Amino acid sequence: MALLQILHYPDPRLHTVAQPVTTVDDTLRRLIADMAETMYAAPGIGLAATQVNHHVRLIVVDVSETKDNLLVFINPEVIWSDGLETMEEGCLSVPGIYDKVQRAERIRVRALNAQGQPFEMDADGLLAVCIQHEIDHLNGKVFVEYLSRLKQDRIRQKLKKQQRENM
Ligand code: NI
């Protein structure tokens with residue numbers, strides 16, 4: 001397994017729309033294992049393949065306290081949603097920035113698991129928010145795009161400054 005490099009906003013590659021996975025094989029499972037390791041090491045509660053510059057529809061999530069409940073969603077689709085909820089979000093691609101985003105409160109997601117078998121899962125609370133946030137990444141959308149233009153400009157400037165200082 002290997003740690004993968006996480007792209008940081010405003011990297012334009014974060015706006016790539018990911019392609020559907022056509023074959024669930026050992027190559028994909030290696031990517032899943034590397035993404036899980038990268039997410040746990042960060043540490044984070046979710047990671048989309050887009051964030052590690054692999055533009056396929058794959059996300060990993062673990063919102064458990066004990067970090068032992070890895071969920072893998074290949075070609076995830078929200079097939080039902082209900083209610084609205086506002087939660088403070090952060091993102092491994094936007095380090096140090098947290099802000100409130102409104103999303104569906106409850107969702108049903110359909111996906112393939114790491115064996116390529118279809119499943120459906122109902123989610124609410126933090127898990128529902130996290131899955132929606134990660135699916136956004138696959139569509140090339142970063143959570144700061146829900147914020148005002150002014151806030152987005154400030155965040156972009158702050159992160160560019162951080163990146164210059166880290167060079
Ligand atoms: Ni994110």
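Fair warning: this is a prediction, and the values are worked out from it, not measured in the lab. Side-chain atoms are counted along with the backbone in the values below, which use heavy atoms only and exclude waters and symmetry mates.
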Exercise for the section: Output the distance between atom CE (Met39) and atom CG (Leu92), rounded to the nearest 0.5 Å. Expected result: 9.0 Å

Handout entry: Pairwise distance CD1(Ile45) to CD(Glu89) - rounded to 0.5 angstrom
Key = 8.5 Å

Handout entry: Pairwise side-chain contact, Met121 with Ile107, heavy-atom cut-off 4.5 Å (strictly under)
Key = no

Handout entry: Least distance between heavy atoms, Met87 atom then Gly125 atom
Key = CE-C, 3.8 Å

Problem - Interatomic distance, Lys161 atom NZ to Glu165 atom CD [nearest 0.5 angstrom] - result: 4.5 Å

Completion exercise
Here the salt bridge (Lys or Arg N to Asp or Glu O under 4.0 Å) pairs for residues 4-31, sequence neighbours left out, are Asp11-Arg13, Asp26-Arg29

Handout entry: Other residues, nucleotides, ligands: >12 heavy atoms within 6.0 Å of Lys158 NZ
Key = no

Handout entry: Inter- and intrachain pairs under salt bridge (Lys or Arg N to Asp or Glu O under 4.0 Å), touching residues 53-66, at least two apart
Key = none

Handout entry: Residues which pass ring pair (Phe, Tyr, Trp, His ring centres under 6.0 Å) with Phe73, listed by chain and number, not counting sequence neighbours
Key = Phe119

Handout entry: Inter- and intrachain pairs under ring-ring contact (aromatic ring centres under 6.0 Å, His included), touching residues 42-61, at least two apart
Key = none

Exercise for the section: Determine which pairs satisfy salt bridge (Lys or Arg N to Asp or Glu O under 4.0 Å) with at least one residue from residues 35-53, sequence neighbours left out, and list them in order. Expected result: none

Problem - Pairing residues for Gln115 by the side-chain contact (heavy atoms from CB on, under 4.5 Å) criterion, not counting sequence neighbours - result: Asn113, Gln117

Handout entry: Inter-residue atom distance Leu28.CG - Ile74.CD1, 0.5 Å rounding
Key = 5.0 Å

Problem - Which residues share a ring pair (Phe, Tyr, Trp, His ring centres under 6.0 Å) with His133, sequence neighbours left out - result: His137, Phe143

Practice task
Look up atom SG in Cys91 and atom CG in Asp99, then write down how far apart they are to the nearest 0.5 Å.
Solution key: 13.0 Å

Handout entry: Pairing residues for Arg156 by the side-chain contact (heavy atoms from CB on, under 4.5 Å) criterion, not counting sequence neighbours
Key = Tyr9, Pro10, Arg149, Gln152, Asp153, Lys160

Handout entry: Pairing residues for Thr66 by the side-chain contact (heavy atoms from CB on, under 4.5 Å) criterion, not counting sequence neighbours
Key = Ser64, Asp68

Practice task
Answer yes if Tyr40 and Leu127 sit in the same cluster of Ile, Leu, Val, Met, Phe, Trp and Tyr residues linked by side chain heavy atoms under 4.5 Å apart, and no otherwise.
Solution key: no

Practice task
State, to 0.1 Å, how close Ile32 and Ala114 come at their nearest heavy-atom pair, and which atoms those are.
Solution key: CD1-CB, 4.1 Å

Handout entry: Sequence neighbours excluded - side chain to side chain donor-acceptor pair (under 3.5 Å) pairs with any residue from residues 70-83
Key = Asp82-Arg106

Practice task
With sequence neighbours excluded, tell me which residues meet side-chain hydrogen bond (donor to acceptor under 3.5 Å, both in side chains) with Thr50.
Solution key: none

Exercise for the section: Mind checking the CG-CG spacing from Asp136 to Leu14? Nearest 0.5 Å is all I need. Expected result: 12.5 Å

Handout entry: same_hphob_cluster(Val61, Leu138) at 4.5 Å side-chain heavy-atom cutoff
Key = yes

Practice task
Please name all residues satisfying side-chain contact (heavy atoms from CB on, under 4.5 Å) with Glu120, sequence neighbours left out, ordered by chain then number.
Solution key: Ile79, Arg108, Arg110

